[in-house]
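Each remark here refers to the structure printed beneath this line.
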Amino acid sequence: MLRSHTCGQLRSDQIGQTVTLGGWVDKYRDHGGVVFIDLRDRYGITQVAFRMEESSDTQQLAASLRHEDVVQVTGEVVSRGPENKNPKLPTGEIEVRASQLKVLNKSKTPPFEPRGETVPNEELRLQYRYIDLRRPALQEKMVLRHRLTKIVRDYFDALGFLDVETPILGRSTPEGARDYLVPSRVHEGAFYALPQSPQLFKQILMVAGYDRYMQIARCFRDEDLRADRQPEFTQIDLEMAFVEQDDVLGVIDGLIAKLVKELQGKDISLPLPRYTHAEVMEDYGTDKPDLRFEMKIKDITDLVKESSFGVFKSTADAGGRIRGLCVKGAADKYSRRILDNDFKGIVGEYGAKGLAYFKVADGKLESSIAKFFDEEQQKAIVQRMEGEDGDLLLYVADRDKVSSPALAALRNFLGKDLELYDPREIKTAWVLEFPLVTWNEEDNRWDAEHHPFCAVHPDDVDYFETDPSKIRALSYDLVCNGYEAASGSIRIHDPATQQKVFDLLKITAEEAESRFGFLLQALRYGAPPHGGIALGLDRWVMLFAGSDNIRDVIAFPKTQKASDLMNGAPSDVDPKQLRDLHIKLDIPQ
RNA sequence: GGGGCCGUAGCUCAAUCGGUUAGAGUGUCGGACUGUCGAUCCGAAGGUUGCGGGUUCAAGUCCCGUCGGCCUCGCCA
């Protein structure tokens, strides 16, 4: 070993010992006759003092050290004494009086310093990710990720789950997200696809009798990125046989409680709250509500459809609704300009044509459009909104398809802007009973809401013939702080029901056979009832890290255009590689 | 594919209404200094204002295009 201790280890207990440290030069302070070096590794910082009277050569060499040089230092651990101790450092009671210094590797002047008080722009951080990863803030997140992963593995291991790896080179299935394709050299013109998730394999593992499976699985989706979405990401994937929905939910409840306990030291009460999809869509306008604050959406259509305000009236007549939010105490918080520009802009992104707003005063409404509502209507609106004097009321009048996401976005903005919650709080709940299918207006057909293997709520089987939109799936999402943090379902385990769903989705027998024939085949050989779920690992780490950016918790993330600024991926390849694969490029000018 | 924000010294930022030689802090380089810990002091170097075009007597600033980064709609079974 080139070191006897780490840079975070030494305390007063070691005074008098001769130690050897290795690390990076974090800061240097040259006083002429004495040089101080803050030596850093991922365990901490230790001050090393190089004094002329002890070794002139060593002290002179130390004077040449610069940021991020890698050095090996040997010396005696000494007390700094009461005047010179540094209470900011855990190692601040002591320093290493260096007798030997070896420069293991000089560093070029780094583009930025890990200890710098300002964080450089992300482009530079991604280009020099090896320096960025030296920053304590990022190292803490990597450690958190490790700990979380370890807790997850231990939890499932204790419950008898078996970690089974599934292939990375898989088969392309046209449904779902766009696939990342990998050309086969051996099979001319044929391609593998990287897995969007191990979905079909884990179901087949159930058929194979591995009744409790889990895997920390890398998944790939060639879709556009977001702050919480990367093209490759990690799922905590699991599947169980001989279970019902409650069993899966219970296992995950226990996991979340354990994570919160071990990572935050807090107890949460179980079971986690459960809402139906219909409930959260009505109350929050989204299937992934942020439940850290209230502010539910309220419907006032019945109160205003007879008013003289044309926009509300015509919306109601056209089958739309007038729904809105009551923002407590915010009547004077936002200027008219902000309401007309910024707020309208937020709902406008979702297609809302306008935003109506009122202040509540004396139990009535105040605004430029208040005159269109008589006193009785005004009082009824205030009552419906549970409004009090000083509250701000905001309304979007439109079809739910527009107003729901618009109001949900506005609500999220307000929650953050008005600091209605503690950003470190983890607030988790289940959303159950998703619709099995949704109508695709463009293609004029039913699409699976989750995926085509979701089991059907037993009470809703008759709706296949009458109204498929009313069929509830035995599927469940776990939402956390406004993110979809897990998603799963009980699966169909008999070929007849599976066929029924394929029929509804207009997937022909031939299509089904060619796309997922291997699964259908497997289901005919003794498939037990089964179900499972997958948790977004990166998102959970992000949530526990209190970050709103998934790149912060991935060691080597990709940019919004899915490139790696450090290594330049994706890149051109040698023409020979393409010839081997029989691939010709055809790039539009 | 659409919308928005951003790009000035190695880094973080400034530069008035379009107006003289584009500044500051920090880092870098040289020097001084034996107890600092954001060390201090003296001195120096460092710029194709992302790139290309246009408007103008004059462009970091305005316009168009383009490249890159971020946020977002669509997309993400």
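Residue numbering restarts at 1 for every chain, and letters A, B, ... go by the order of the sequence lines.
- What you find for A/Pro114 and A/Arg40 is that their closest heavy atoms are CG-NH1, 3.8 Å.
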task = Kindly indicate, with the supporting measurements, whether the criterion ring-ring contact (aromatic ring centres under 6.0 Å, His included) is fulfilled by A/Tyr28 and A/His67.
result = CA-CA 8 Å; A/Tyr28 54 92; A/His67 290 110; 5.2 Å; yes
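- Taking atom CZ of A/Arg66 as the reference point, atom C1' of B/G30 lies 10 Å away to the nearest angstrom.
- A/Asp548 comes within 4.0 angstrom of nothing in the nucleic acid, heavy atoms only.
- Spacing between atom CE of A/Met566 and atom P of B/G69 amounts to 15 Å, rounded to whole angstrom units.
- Residue contacts shown for A/Tyr28 are limited to sugar-phosphate atoms, with no base heavy atom under 4.0 Å away.
- The pairing partner recorded for B/U20 is none, the criterion being a Watson-Crick or G-U wobble arrangement whose two distances lie under 3.5 angstrom.
- As judged by a 4.0 angstrom heavy-atom cut-off over every strand, A/Gln560 is placed among the base-contacting residues.
- When all heavy atoms of A/Thr166 and A/Pro198 are compared, the closest pair comes out as OG1-CB, 3.5 Å.
- As rounded to the nearest Å, B/C67 and B/A59 have P atoms that lie 26 Å from one another.
- Nucleic acid contact class of A/Tyr350 (heavy atoms, under 4.0 Å, all strands): sugar-phosphate only.
- Among the heavy atoms of the strands lying under 4.0 Å from A/Ser563 are primed sugar atoms or P, OP1, OP2 only; no base atom is included.
- The phosphate of B/G38 has neither OP1 nor OP2 within less than 4.0 Å of any side-chain N or O from A/Lys27.
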N/O donor to acceptor pairs below 3.5 angstrom from side-chain atoms of residues 499-506 of chain A, sequence neighbours left out:
from     : atom 1 : to       : atom 2 : distance (Å)
A/Gln499 : NE2    : A/Asp503 : OD1    : 3.1

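- What separates CZ of A/Arg178 from C1' of B/G1 is a distance of 11 Å, to the nearest Å.
- Ion pairing between A/Glu232 and A/Arg218 holds under the 4.0 Å rule for side-chain N and carboxylate O.
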key: Under 4.0 Å protein heavy-atom contact, by nucleotide of nucleotides 31-37 of chain B - B base, S sugar-phosphate only   = --BBBBB
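- Comparing the C1' positions of B/U20 and B/U40 gives an interatomic distance of 37 Å, to the nearest angstrom.
- Put simply, A/Arg229 has no side-chain N or O that comes within less than 4.0 Å of OP1 or OP2 on B/C70.
- B/G47 is unpaired under the Watson-Crick or G-U wobble criterion, no partner having all donor-acceptor distances under 3.5 Å.
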key: Per-nucleotide protein contact string for nucleotides 6-14 of chain B, where B marks a base within reach and S marks sugar-phosphate only (heavy atoms under 4.0 Å, - for neither)   = ----SSS--
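- Taking both residues in full, the closest heavy atoms of A/Leu181 and A/Ala193 are given as CD2-CB, 4.1 Å, listed atom of the first, atom of the second, then distance.
- For B/G30, the paired base is B/C42 (Watson-Crick or G-U wobble, both distances below 3.5 Å).
- The same atom, C1', is picked in B/A44 and in B/G54; the two are 40 Å apart, to the nearest Å.
- In this pair, A/His451 and A/Phe453 present their aromatic rings tilted. The plane angle is within the 30 to 60° band.
- A/Phe413 and A/Tyr334 have tilted rings, their planes meeting at an angle from 30° to 60° on a 0 to 90° scale.
- Seen from the ring of A/Phe112, A/Arg125 does not count as a face-on cation partner, given the 6.0 Å and 45° thresholds.
- In this entry B/G25 has B/C11 as its Watson-Crick or G-U wobble partner, both defining distances falling under 3.5 Å.
- For the pair A/Asn440 CG and B/C75 C1', the computed distance is 13 Å after rounding to whole Å.
- Distance check on atom P: B/C64 versus B/G2 gives 15 Å, rounded to whole Å.
- If you take atom P in B/G18 and the same atom in B/C6, they sit 16 Å apart, rounded to whole Å.
- The aromatic rings of A/Phe518 and A/Phe201 sit tilted, their planes meeting at an angle between 30° and 60°.
- Here A/Arg226 lies in heavy-atom contact (under 4.0 Å) with a base.
- Between A/Ser172 and A/Asp179, the closest heavy-atom pair is OG-OD2, 2.8 Å.
- B/G60 is unpaired under the Watson-Crick or G-U wobble criterion, no partner having all donor-acceptor distances under 3.5 Å.
- Nucleotides B/A22 and B/C63, compared at atom C1', are 23 Å apart to the nearest Å.
- Judged by atom type and distance alone, A/Glu122 does not reach the base of B/G69 through any side-chain donor-acceptor pair under 3.5 Å.
- B/G68 is paired with B/C6 under the Watson-Crick or G-U wobble criterion, all donor-acceptor distances under 3.5 Å.
- Nucleotides B/U49 and B/C11 have their P atoms positioned 15 Å apart, rounded to a whole Å.
- On the C1' atoms, B/A32 is 44 Å away from B/G68, given to the nearest whole Å.
- Applying the 4.0 Å criterion to OP1 and OP2 of B/G27, one finds that A/Thr109 has every side-chain N and O outside that range.
- A/Arg515 and A/Thr173 share no donor-acceptor pair across their side chains, judged by distance under 3.5 Å alone.
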